[in-house]
Trainee: 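Starting off with a structure, shown below.
Note on naming: letters A, B, ... go to the chains in the order of the sequence lines (proteins, then strands), and numbering restarts at 1 for each one. Since this is a predicted model, take the numbers as computed values, not measurements.
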There are 2 protein chains.
Amino acid sequence: MSEEKEVTIYDIARLLNISAATVSRGLKDDPVINKSTRKKIQDLAKELGYRSNTFASNLRKKKTNTIGVIVPRLSSYFMAHVIAGMEHIATNEGYDLVISQSLETLKKEIANAETMFNNRVDGLLVSLSCETENLDHFEPFIRKGIPLIFFDRIKEHSRCMGIIIDNYKSAYEATKHLLDNGYRRIMHITGNLTCTVYAERWKGYKQALNDYKITPDLKMLVIKDLSEEAGMAAAAYILKLKQRPDAVFCANDACAIYCMRTLKQAGIKIPEEIAFVGFNNDPMSKVVEPNLTTVNYPGYAMGEAAATQLINHLNGISSITATNIIVLRSELITRESSRKKKVKS
Amino acid sequence: MSEEKEVTIYDIARLLNISAATVSRGLKDDPVINKSTRKKIQDLAKELGYRSNTFASNLRKKKTNTIGVIVPRLSSYFMAHVIAGMEHIATNEGYDLVISQSLETLKKEIANAETMFNNRVDGLLVSLSCETENLDHFEPFIRKGIPLIFFDRIKEHSRCMGIIIDNYKSAYEATKHLLDNGYRRIMHITGNLTCTVYAERWKGYKQALNDYKITPDLKMLVIKDLSEEAGMAAAAYILKLKQRPDAVFCANDACAIYCMRTLKQAGIKIPEEIAFVGFNNDPMSKVVEPNLTTVNYPGYAMGEAAATQLINHLNGISSITATNIIVLRSELITRESSRKKKVKS
DNA sequence: CTGAAAGCGCTAACAT
DNA sequence: ATGTTAGCGCTTTCAG
């Protein structure tokens with residue numbers, strides 16, 4: 001623990017008999033400084049083990065080079081990829097990421113936003129908790145002109161960009177795929193409808209049914225938390241139903257898979273008796289038997305897009321308030337779990 | 001963008017006709033200040049929307065309240081849970097997490113360490129890349145007395161704590177489980193053996209064989225990158241083998257699963273002809289058929305442990321250099337893929 | 001219990 | 001091309 005003393009620009013300045021200002025400029029390779037002076041400065045800095053003091057610099061520049069990220073949970077496959085994508089872009093651009101989880105509660109989301117605000121992040125990337133019904137706790141950012149981008153779980157705001165996939169369209173296509181393949185009594189299992197993503201998927205589902213002149217049946221709508229347990233519970237519900245669905249469109253893969261598995265264990269043939277479509281393209285969907293048809297959700301790309309937009313705005317290259325919504329491509333991946341229904345003739 | 005001016009302690013001081021020093025103390029509820037003065041200060045601060053300037057404070061205190069995290073990849077199920085665990089502890093203790101990925105390369109790991117060093121993190125939490133053979137790039141931290149904890153992928157260092165599971169023992173138990181269940185020709189599929197985790201697992205595997213008087217056969221050792229593709233390639237290798245294994249112990253689940261699947265598609269019965277044991281307890285392992293026997297890897301707990309130890313050290317509650325290694329409990333979860341072998345009689 | 005004063009290390013406007 | 005100067009906002013002796 002030999003706490004060596006920190007080297008400052010003043011040490012370098014003194015040793016080189018120049019001013020601290022010149023050192024400061026030389027260190028960031030400012031072309032206004034003589035090339036040989038620059039080299040001398042940089043060489044000595046390295047030799048002395050100089051490291052720039054970020055706080056002093058931040059204090060002066062009033063900029064933190066830090067981007068705040070607030071997400072419901074870190075520990076999903078999807079979110080891990082989003083974060084990886086953001087980290088990739090941020091690092092390349094010299095920004096740090098400070099990440100926090102709301103654990104799906106508004107209370108924590110508010111606390112996290114406050115911390116981020118006090119820490120003076122340069123910008124904020126947010127995926128909203130399901131409990132969040134208004135954006136009041138982000139007003140301090142708006143008022144200070146701190147750029148704010150929502151991704152995945154968004155709410156519209158005139159001054160904030162949103163980055164999403166077209167949940168409505170994806171759900172519509174997923175449902176239409178089932179209909180096209182001959183399924184008619186399609187159950188929808190989803191999460192809290194205050195979440196835009198789930199609300200949109202539900203709309204897409206209904207529209208597809210409508211287009212096939214099918215009236216949505218409320219018995220065919222199951223709202224749970226989309227957990228594995230919810231999937232098993234949904235399966236139990238299905239088994240008790242007098243008139244069972246011939247297909248299930250579930251708003252995530254984990255829930256779809258555990259529902260499917262439970263039914264399978266109860267002797268139901270998948271997809272012959274009940275077909276399945278999930279959402280997210282979780283690695284599990286490729287492994288479960290039968291392989292689950294699902295909607296690919298480009299997490300890494302979404303993370304990259306969000307970080308890129310924010311940083312471009314920060315650098316003045318583009319403005320967040322001009323573009324309002326960016327929609328990423330998402331496509332249906334058809335697999336065994338929704339194979340064409342054999343029509344009994 | 002109404003860039004309202006920032007409120008500082010001087011503003012509060014002026015308005016209250018007291019000194020900035022008193023405000024500074026009052027804001028952190030220093031009992032040395034008159035209770036009513038404290039209240040006045042805090043009330044006014046809230047009213048004016050005062051937020052403390054972290055840099056100014058950091059600059060003065062030479063402390064960042066930031067913990068750096070360097071991991072090979074963020075986007076695995078395991079690592080997502082590690083990070084979630086760290087974030088949980090760090091947030092509670094008022095620390096920020098700054099996270100970066102080495103993407104399994106030494107070059108990036110060095111660059112990341114340097115950034116963290118320059119950003120003056122208070123402590124560092126590291127899981128090493130596979131390429132890392134020495135700890136030179138962490139010397140600046142050691143020299144400055146900045147605490148450094150390795151987790152999961154560690155290397156021993158007299159001044160750094162390591163947090164791991166007992167990979168040797170877990171692998172030993174996994175292999176012994178197969179042996180106990182009647183399997184004798186056990187293949188081991190693993191990753192780069194410069195990684196301690198894989199080296200330890202390999203040792204455990206060999207020891208179990210030894211204890212059963214079985215000489216390890218080099219044909220039964222497959223070293224790949226443990227990816228899904230590696231799993232499929234390993235399956236192809238097995239199919240071409242004159243003398244096939246009757247069981248496979250794979251150092252992670254993803255690879256095990258894709259190997260198993262490929263064999264299954266080729267008509268091999270699992271576990272009758274070839275049994276499987278994986279490692280990690282990835283969600284996929286519970287979903288694949290047959291369910292995969294695996295070793296539970298407590299990611300969240302590991303993240304919590306690492307963060308807790310670091311913060312305790314930072315707070316002077318305990319020392320990192322005293323304890324050297326913390327071993328977390330990990331247990332074998334037996335499932336269908338390694339059912340007892342039926343002995344032909 | 002409160003205040004005065006001296007920086008922490010860096011940057012940027014302004015001057016030379 | 002380089003130097004001077006004046007802070008950024010906070011903390012912390014030391015003095016009262």
Side-chain angles (χ1 to χ4, degrees), chain A residues 3-42 44-46 48-66 94 117-122 144, chain B residues 3-42 44-46 48-66 94 117-122 144:
Chain A
E3 301 268 341
E4 295 162 24
K5 207 166 148 5
E6 285 289 342
V7 181
T8 72
I9 52 171
Y10 292 106
D11 299 322
I12 300 179
R14 195 168 9 85
L15 259 35
L16 253 32
N17 247 313
I18 53 179
S19 80
T22 306
V23 176
S24 174
R25 294 186 186 109
L27 248 14
K28 38 190 64 62
D29 229 21
D30 189 331
V32 83
I33 301 290
N34 189 315
K35 201 153 188 181
S36 78
T37 323
R38 262 186 280 166
K39 180 151 171 43
K40 262 192 288 180
I41 293 169
Q42 288 165 16
L44 183 58
K46 187 160 291 169
L48 297 179
Y50 166 81
R51 51 176 183 162
S52 147
N53 185 321
T54 326
F55 322 130
S57 169
N58 284 344
L59 177 58
R60 203 40 241 251
K61 292 191 301 185
K62 308 192 164 216
K63 192 167 185 290
T64 63
N65 269 285
T66 295
F117 187 68
N118 287 332
N119 283 347
R120 287 169 163 70
V121 294
D122 288 340
K144 274 250 149 30
Chain B
E3 299 270 340
E4 296 162 22
K5 213 173 147 352
E6 285 289 344
V7 181
T8 73
I9 51 171
Y10 291 106
D11 299 320
I12 299 180
R14 195 167 10 83
L15 259 34
L16 254 32
N17 246 312
I18 54 180
S19 79
T22 306
V23 176
S24 174
R25 293 186 186 110
L27 247 15
K28 43 191 60 61
D29 227 21
D30 190 331
V32 83
I33 300 289
N34 188 314
K35 203 153 187 182
S36 77
T37 324
R38 260 187 280 165
K39 179 145 172 44
K40 264 192 287 180
I41 293 169
Q42 288 166 15
L44 184 58
K46 187 159 291 171
L48 297 178
Y50 166 81
R51 48 177 187 163
S52 146
N53 186 322
T54 327
F55 322 129
S57 167
N58 285 344
L59 176 57
R60 211 29 246 258
K61 292 190 303 187
K62 306 189 166 218
K63 191 167 187 290
T64 63
N65 270 286
T66 294
F117 187 69
N118 287 331
N119 284 346
R120 289 169 160 70
V121 294
D122 289 339
K144 274 252 148 32

Trainee: Under the rule for side-chain contact (heavy atoms from CB on, under 4.5 Å), what residues qualify as partners of A/Asn53, not counting sequence neighbours?
Mentor: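 Listed in chain order: A/Phe55, A/Ala56, B/Leu59, B/Arg120.
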Trainee: So what does A/Tyr10 touch, heavy atoms closer than 4.0 Å: a base, only the sugar-phosphate, or nothing?
Mentor: base
Trainee: Could you tell me how far apart A/Leu59 (CG) and C/dA12 (P) are, to the nearest whole angstrom?
Mentor: 12 Å
Trainee: With sequence neighbours left out, write down each residue that passes salt bridge (Lys or Arg N to Asp or Glu O under 4.0 Å) with A/Lys63, or none if nothing qualifies.
Mentor: A/Asp122
Trainee: Between B/Lys62 and C/dG9, is there a contact of a side-chain N or O with OP1 or OP2 at under 4.0 Å?
Mentor: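 Checking C/dG9 against B/Lys62, a side-chain N or O does come within under 4.0 Å of OP1 or OP2.
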Trainee: About how many Å separate CG of B/Asn17 and OG1 of B/Thr22, when rounded to the nearest 0.5 Å?
Mentor: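 So the OG1 of B/Thr22 and the CG of B/Asn17 are separated by 11.5 Å.
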Trainee: For A/Phe117, what residues pass the ring-ring contact (aromatic ring centres under 6.0 Å, His included) criterion, not counting sequence neighbours?
Mentor: A/Phe141
Trainee: Output the rounded distance in Å from CZ (B/Phe55) to P (C/dT11).
Mentor: 13 Å
Trainee: Sort and list the pairs that fulfil salt bridge (Lys or Arg N to Asp or Glu O under 4.0 Å) and have at least one residue in residues 10-24 of chain B, not counting sequence neighbours.
Mentor: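 Qualifying pairs, neighbours excluded: B/Asp11-B/Arg14.
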Trainee: Roughly, in whole Å, what's the span from CG in A/Asn53 to P in C/dT11?
Mentor: 9 Å
Trainee: In whole angstrom, give the distance that lies between atom CG of B/Asn17 and atom P of C/dG3.
Mentor: 9 Å
Trainee: Near DNA chain C, which residues from residues 18-26 of chain A have a heavy atom under 4.0 Å away?
Mentor: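 By residue number: A/Ala21, A/Ser24, A/Arg25.
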Trainee: For B/Leu48, which residues count as a side-chain contact (heavy atoms from CB on, under 4.5 Å) partner, sequence neighbours excluded?
Mentor: B/Val7, B/Ile12, B/Leu15, B/Leu44
Trainee: To the nearest 0.5 Å, tell me how far A/Ile18 CD1 sits from A/Ile33 CD1.
Mentor: 8.0 Å
Trainee: Any salt bridge (Lys or Arg N to Asp or Glu O under 4.0 Å) pairs touching residues 32-42 of chain B, not counting sequence neighbours?
Mentor: B/Asp29-B/Arg38, B/Lys39-B/Asp43
Trainee: For C/dT11, take OP1 and OP2 only and decide whether either is under 4.0 Å from a side-chain N or O of A/Lys28.
Mentor: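 It does, given that an N or O in the side chain of A/Lys28 lies less than 4.0 Å from OP1 or OP2 of C/dT11.
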Trainee: How long is the line joining CZ of B/Arg14 and C1' of C/dG3, in whole Å?
Mentor: 17 Å
Trainee: Apply side-chain contact (heavy atoms from CB on, under 4.5 Å) to B/Ser24 and list each qualifying residue two or more places apart in sequence or on a separate chain.
Mentor: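 With sequence neighbours excluded, B/Ser24 shows a side-chain contact (heavy atoms from CB on, under 4.5 Å) to B/Ile9, B/Lys28, given in chain and number order.
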Trainee: Show the nearest heavy-atom pair for residues A/Leu27 and A/Ala45, with the distance to one decimal.
Mentor: CD1-CB, 3.9 Å
Trainee: Could I get the full list of salt bridge (Lys or Arg N to Asp or Glu O under 4.0 Å) partners for A/Lys61, not counting sequence neighbours?
Mentor: none
Trainee: Over how many whole Å does the gap from A/Arg60 atom CZ to C/dG7 atom P extend?
Mentor: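 Atom CZ in A/Arg60 sits about 19 Å away from atom P in C/dG7.
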Trainee: Any residue in residues 29-40 of chain B with a heavy atom nearer than 4.0 angstrom to DNA chain C? Just list them by number, or reply none.
Mentor: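 Heavy-atom cutoff 4.0 Å gives B/Val32, B/Ile33, B/Asn34, B/Thr37.
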Trainee: Nearest-Å distance, CG (B/Asn58) to C1' (D/dC8)?
Mentor: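 The distance from CG of B/Asn58 to C1' of D/dC8 comes to 14 Å, rounded to the nearest Å.
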Trainee: Among pairs that include at least one residue of residues 48-58 of chain A, which meet salt bridge (Lys or Arg N to Asp or Glu O under 4.0 Å), considering only residues two or more places apart or in two chains?
Mentor: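 As it turns out, the salt bridge (Lys or Arg N to Asp or Glu O under 4.0 Å) pairs with a partner in residues 48-58 of chain A, which skip direct neighbours, are A/Glu6-A/Arg51.
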Trainee: For B/Ile9 and D/dT12, what is the distance between atoms CD1 and C1' respectively, to the nearest whole Å?
Mentor: 11 Å
Trainee: Over its full length, what angle do the end axes of the helix from C/dC1-D/dG16 to C/dT16-D/dA1 make, each axis taken from five pairs and the result rounded to 10 degrees?
Mentor: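 The end-segment axes of the helix from C/dC1-D/dG16 to C/dT16-D/dA1 are tilted 30° relative to each other.
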Trainee: Respond yes when some side-chain nitrogen or oxygen of A/Lys63 is under 4.0 Å from OP1 or OP2 of C/dT11, and no when none is.
Mentor: no
